[in-house]
Amino acid sequence: MKIAVVGTGYVGLVSGVCFSEFGFSVICIDNNVSKIEDLKKGVVPIYENELDKLMLKNMNAGRLSFTSDIAEGVRDADIVFIAVGTPSKTDGSADLSYVYGAVDELAPHMNKNAILVIKSTVPVGTTRAVKQFLQDNGFDIEVAFNPEFLREGAAIEDFMRPDRIILGIESKKAEDALKRAYRPLFVLSIPIVFTGLETAELSKYAANAFLAMKITFINEVANLCENCGADVKEVAYAIGLDKRIGEQFLQVGPGYGGSCFPKDTSALNDFSKNFGVSMPLVEETIKSNDARRIKMIQKIMGVCDNDVKNKNISILGVTFKANTDDMRDSPSICIVNHLLKNGAKIKIYDPSFSEQAKKIFKDAEWSNNAYDNCNGADVVVILTDWAEFRAINLADLRRRVKNPLLVDLRSIYTVNEAKASGFVYCSVGRPFIEG
Ligand code: UGA
């Protein structure tokens, strides 16, 4: 089977590499010529654990190639996946211009027996509209929808061992082709849900919105904990033991960010109205998550007596979550920029050494490790839950800082650990501890 993947972002590149690992012949296509030239040399443009090794292995095996020529790329493919971006427009709706641009370009060159599969996250009705668009332009191409559930930083694992695969199809031909493509997972007894186009499209948005809502819920519980003397970590553990609730996505923090949850909750909130339905829970989730960033700023400002001018603030982690260098919609942007604007001297250490972050925080100083970053600090702020921040020697850190003030916005440490190390400890959803 020959597979073409249009778009070499997170979803496209990871999917292409993983399909080639299944043994299929895969060609990845992108109109960004320099990116394709880099990929041909084995240079991975994104920060994703193990992706480089898997990519090189399959390139060397002759199963994985790259091109910027869309006509050449799709000509021999049995399945063409579209995995281009669908960013938010200023009104919150999804920008579908990359999807339609790709469809328009590839349609004349596709093999007439091939299947076109949309993997990009698109509002309900888009796949059917693409089908109609192709028909109106004289192309008899079968179209299907297959959402992705890949987390940045764990994308290969999520592709190879997903909880489920959802396939929106309308014909036996599409069902057979996709069954072949996902056979390596089917044989591992991974549930495959064959359904209609609209159901598959909505399943993706509903999954992301539900997870975003779950995070927002526990963050709101954290606010209550701070005022009523409860510990949110213990509440999360206690409720997560109920299988109906589940333990995942109950980690408190500065609110969700990244390229998916903010964009997808906005798009769902927007396109549901086109169907005459409002979704107040989704709308409140978006508002509550936006308010979260302000609350985090108030927390830091509060422990600094509302004056950060000339204070040395050590920031640990700026990416939107651990195991990525991605800064898209990271809570750190709003928080660190506020501190900079108010005259703080910001020093940052992020284990990804994110180039995106360096462009965003031009006025910050950068360190090569967490300990050096804290030398002489008036305040230390943990913003991202990188594994290496979970086992910092707090006693060592205490000796390096000027002021023993730790603001832990991911509540990584226990209150007792912070207390024992002599830090004044301000976390999320737990009592404030004087050193
Ligand atoms: C998310 C989904 O988890 C994937 O299933 C989906 O495929 C992907 O979006 C997408 O639509 O492409 P991702 O954005 O990579 O994946 O990251 P997550 O691990 O879901 O985290 C999202 C945000 O929520 C991060 O800012 C993270 O710090 C925050 N989060 C996550 C919490 O604050 N608490 C938690 O318990 C979990």
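Order of appearance sets the numbers: ligands from 1, and atoms from 1 within every ligand.
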### Steps toward side-chain hydrogen bond (donor to acceptor under 3.5 Å, both in side chains) verdict (T319, D325)
CA-CA 6 Å; T319 51; D325 66 348; over 6 Å; no
### Query
Between F320 and F261, does the ring centroid distance fall short of 6.0 Å?
no
### Task
Mark yes or no: K347 above the aromatic ring of W366, with NZ or CZ under 6.0 Å from the six-membered ring centre and no more than 45 degrees from the axis.
no
### Query
Is the distance between the ring centroids of F149 and F159 under 6.0 Å?
no
### Query
At what distance is the nearest protein heavy atom to atom 3 (O) of ligand 1, and which residue and atom is it?
R151 CG, 3.3 Å
### Query
Does the ring centre of Y100 sit less than 6.0 Å away from the ring centre of F133?
yes
### Task
Using a strict 4.0 Å cut-off to heavy atoms of E148, name the atoms of ligand 1 that fall inside it.
7 (O), 10 (C), 11 (O), 12 (O)
### Query
Heavy-atom contacts under 4.0 Å between R410 and ligand 1: side chain, backbone, both, or neither?
side chain
### Message
Closer than 4.0 Å to some heavy atom of L250 - which atoms of ligand 1 meet that?
### Response
36 (O)
### Message
Using ring centroids (six-membered ring only for Trp), state whether F271 and Y205 fall under 6.0 Å.
### Response
yes
### Summary
In T127, T126, T121, the residue satisfying side chain to side chain donor-acceptor pair (under 3.5 Å) with E201 is T127
### Query
Taking NZ, NE, NH1 and NH2 as the nitrogens, is one of them in D329 or R293 under 4.0 Å from a carboxylate oxygen of the other?
yes
### Task
Select one of side chain, backbone, both or neither to describe which atoms of K204 lie under 4.0 Å from any atom of ligand 1, heavy atoms only.
side chain
### Task
May I ask you to identify, for I215, whether its side chain, its backbone, both or neither come under 4.0 Å of ligand 1 on a heavy-atom basis?
side chain
### Message
Measuring from atom 14 (O) of ligand 1, which candidate in Y205, Y256, F320 has the nearest non-hydrogen atom?
### Response
F320
### Query
Which protein non-hydrogen atom lies closest to atom 6 (C) of ligand 1, naming both residue and atom, and how far is it?
L150 O, 3.6 Å
### Query
What about S259: any of its N or O atoms under 3.5 Å from an N or O on ligand 1?
no
### Message
Quick check on contacts: which atoms of ligand 1 are under 4.0 angstrom from a heavy atom of E152?
### Response
15 (O)
### Query
With a 4.0 Å heavy-atom cut-off (strictly under), which part of Y10 contacts ligand 1: side chain, backbone, both or neither?
neither
#### Entry: Protein heavy-atom partner closest to atom 37 (C) of ligand 1 - residue, atom, separation in Å
F249 CD2, 3.4 Å
## Note on the structure
ligand 1 atoms nearer than 4.0 angstrom to some heavy atom of C260 are 8 (C), 9 (O), 10 (C), 11 (O), 12 (O), 14 (O)
### Query
Purely on distance, is any nitrogen or oxygen of V11 under 3.5 Å from one on ligand 1?
no
### Task
Show which atoms of ligand 1 fall inside a sub-4.0 Å distance from at least one heavy-atom site of F261.
1 (C), 2 (C), 3 (O), 9 (O), 20 (O), 22 (C)
### Query
Do K2 and D78 sit within salt-bridge range, that is, some charged N less than 4.0 Å from a carboxylate O?
no
### Task
State whether the number of non-hydrogen atoms from other residues, nucleotides or ligands found under 6.0 Å of Y237 atom OH is greater than 12.
no
### Task
Using a strict 4.0 Å threshold on nitrogen-to-oxygen distance, state whether R328 and E152 make a salt bridge.
yes
### Task
Would you tell me which option among K321, Q251, K214 has the nearest heavy-atom contact to atom 19 (O) of ligand 1?
K321
### Query
Has ligand 1 got any nitrogen or oxygen that is less than 3.5 angstrom from a nitrogen or oxygen of G258?
no
